[in-house]
Structure formats: C-alpha cells, structure tokens
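So that the names make sense, note that chain A is the first sequence line, chain B the second, and so on, each numbered from 1.
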2 protein chains.
Amino acid sequence: MSTRTPSDTGRIASELRNVIGRLVRRLRAEHRFPLTHGAVLGRLDREGPAGVSDLAVREGVKPQSMAQTVADLEGEGLVSRRPDPSDGRRMLVEMTATGTAALEEDRRHREGWLATAISEQLTAEEQRLLGRAVELLRRISES
Amino acid sequence: MSTRTPSDTGRIASELRNVIGRLVRRLRAEHRFPLTHGAVLGRLDREGPAGVSDLAVREGVKPQSMAQTVADLEGEGLVSRRPDPSDGRRMLVEMTATGTAALEEDRRHREGWLATAISEQLTAEEQRLLGRAVELLRRISES
DNA sequence: TATTGTTATACTCTATAACTATA
DNA sequence: TATAGTTATAGAGTATAACAATA
C-alpha cells in the first residue's frame, strides 16, 4: 500500500534496537546458562566436536571469549576437551553425557517463556511471520 | 499452508535467542552510547520530562539501574534533573540542548549499520515484514 | 507503610592485551 | 610468520541489598 521511506528504515532500526534490549534482559533474567553457552552446546550437539576458534567464528565472538566460555562449560562438566591428533595446537571440544542432559533440560526450560510466549501471545499466522523475520535478522546480524 | 507444531515454536525460540545474541554484540560493538541510554533519550525527546521510576518501568529495568543510567547521562550533560514541585520525592529528568544534539547524532549514527543493513540487506517487502515482526517481538518482550 | 530515589556492591558477558605452543 | 589456544585484566550493563527522604 504505502512505500517505505528512509525514515521508516530508521524507525524500524530504532524500535528493533529497543525491543532487542528488552528481550535480552528477559532472557538473562530466566538465567538458564548464558546465551552463548546454550548456543555452543546446541551446535556441538548438531555438528559434533569442534575447535575453539571454529566455535568463536560460528557464534560471532572473539576466540578469547569462546575460550572462556568453553572453560566454563568444562568446569561444569558439560563438555570435555582433548587434543586434536592431527594438529597439536587444536583442542577438540565435545559434549559429555552431562552436557547432553543439560541441553535437553535447557530445551525444556526454553518453553519456560520465550517459546511459550511465542505460542501463546502470537497467532499461528504471526508465528509464521516471526519465523521468516528471524531469518532476515540472521542475515542482518551476519552482514 | 503447513501447520505449526510445538517443535516449530521451540525452533523459532532457539534461533531467535541465537540471533538476538549476535545482534546485541554487533550493536554494542558500534559503541554509540549504551542501548538503554539511547532509549531513554529517545523517550524523553518524544514524551518530555519523566521520573526515574517511570523511566525504569518504561524501559523494563530496575529503578536502581535507571538511577545509574540517569546519573551517567547527567554526568555527560545530556540530561538534567530537578525536583518535582508537586512531589518532593520525585526528580524530573529532562533533556538538555546537548542531549538533543547527541540524540540527533545517534540517529544519524544508527544509519551506521542497523538501519543501513535493513535498507541494504532487505528488499522493501522484507522490510515491511520486519516492521511487523518488531511489533510482535515487542508484544512478547512485554508479556 | 508505601513510594521515590540513591549508593554500594557484585555478577554476567564480552573485549583487548600479552603470552605460549605448534605449524 | 601465522595460527590455536590460554590467562589476565578491564569494561559495559544490570541486578540485589541497604538506605534516606517524602508521602
């Protein structure tokens, strides 16, 4: 119906920035493990063992930050590290049985509010729209 | 055409959580003033002077956190505080000329990447979709 | 007692800098 | 030299706790 002007783009950016701040605080308040911890476990589960730098690139954080994340996860017994047989510099990070269980627990807990909010606050049509929008946001975040 | 199953909801929640983490890191890396600082300035600009508790509720943070944010903004000369004439407990927070200028500067800087990314990475149709999705996310974040 | 606001303190998450070890 | 990883440190952003002043 209407055309998008440049100021619409700015308004969307502004509101998106605001709403992202809110969502992050809400997600943190649910204080399961940190966002990145959950993301790493999920990735290891889907894609198998990986190096620290690989994980850092995949999650869009610095290698030093990922090293800390991995150290935390190891401290909690959720992952284990072993040297890469083919490259003495690399450490292969892989999930433990405890980690798998924690991931399952986290998946259930996610239903705790974000997934629940999506299914309860949005109509089926809106859920589809959100699903498409998430892909757009991913594209933007990786640009 | 297809129906959404509960697992779709979980998948959307999972991917949304991941993409939000990425966006927040990107936004932080652009290090204008903090997300909440910009949000407070924008609100004061749109809605005029407000109390600290009002702002805390509007932005979804604790009053203590907002007091710190307001103190930071005042330290930078972007807002000023004066006692509410009608209620000795309240402090009215209002923008300074410097704050208004900083907000304008921030609005221009937003074009720096989030707004630019939206206008360059997305088609007009996708921008419309994202605009609608932001409203859905707001509803979820406030639920 | 309830509300508004502040200060002090701690925690979470990520970044930068400086380093070791292997390639 | 370049790459994988680590440790140490700092910073941003928000929370909780304890408090003062006013209603």
Inset, instruction - Nearest whole angstrom, please: distance from the P of C/dT6 to the CZ of B/Arg81. - result: 5 Å
Inset, instruction - Please state how far atom CZ in B/Arg25 lies from atom C1' in D/dA12, giving the value in whole angstrom units. - result: 15 Å
Inset, instruction - Please say which of B/Glu94, B/Arg90, B/Met91 ends up in a side-chain contact (heavy atoms from CB on, under 4.5 Å) with B/Arg82. - result: B/Glu94
Legend entry - Spacing of B/Ile118 atom CD1 and B/Glu126 atom CD [to the nearest 0.5 Å]: 11.5 Å
Inset, instruction - Answer yes or no: does a side-chain N or O of A/Arg89 lie under 4.0 Å from OP1 or OP2 of D/dT3? - result: no
Inset, instruction - Look at A/Arg28 and C/dT14 and indicate whether a side-chain polar atom (N or O) is within less than 4.0 Å of OP1 or OP2. - result: no
Inset, instruction - Specify the separation, in whole Å, of atom CG of A/Leu35 and atom C1' of C/dT12. - result: 11 Å
Inset, instruction - Would you kindly compare A/Ala71 and B/Val61 by the position of their nearest DNA chain D nucleotide and give the one closer to the 5′ end? - result: A/Ala71
Inset, instruction - Name the closest nucleotide to the A/Gln68 side chain, picking from D/dT14, C/dT7, C/dT14. - result: C/dT14
Inset, instruction - Grab the CD1-C1' distance between B/Ile20 and D/dG13 for me, whole Å please. - result: 17 Å
Legend entry - A/Arg25 (side chain) donor-acceptor with B/Glu59 (main chain) under 3.5 angstrom: yes
Legend entry - Pair B/Glu15 + B/Arg11: basic N to acidic O under 4.0 Å: yes
Legend entry - 5'-most by nearest nucleotide on DNA chain C - A/Thr69 or B/Val52: B/Val52
Inset, instruction - Starting from P on D/dT14, measure out to CG on A/Leu23 and report it in whole angstrom. - result: 13 Å
Inset, instruction - Could you tell me whether the phosphate oxygens of C/dT14, OP1 or OP2, come under 4.0 Å of any side-chain nitrogen or oxygen in A/Thr36? - result: yes
Legend entry - Atom-to-atom span, CE of B/Met66 to P of C/dT7 - whole angstrom: 16 Å
Legend entry - Student check: side-chain heavy atoms of B/Glu74 and B/Val93 closer than 4.5 Å: no
Legend entry - 5′-ward residue of the pair A/Asp87/A/Ser65 relative to DNA chain D: A/Asp87
Legend entry - Atom-pair distance (CZ on B/Arg90; P on C/dT6), nearest Å: 12 Å
Inset, instruction - Provide, to the nearest angstrom, the distance between the CG atom belonging to A/Leu73 and the C1' atom belonging to C/dT14. - result: 15 Å
Legend entry - Minimum-distance nucleotide to B/Gln64 side chain [options: C/dG5, D/dT7, D/dA18]: D/dA18
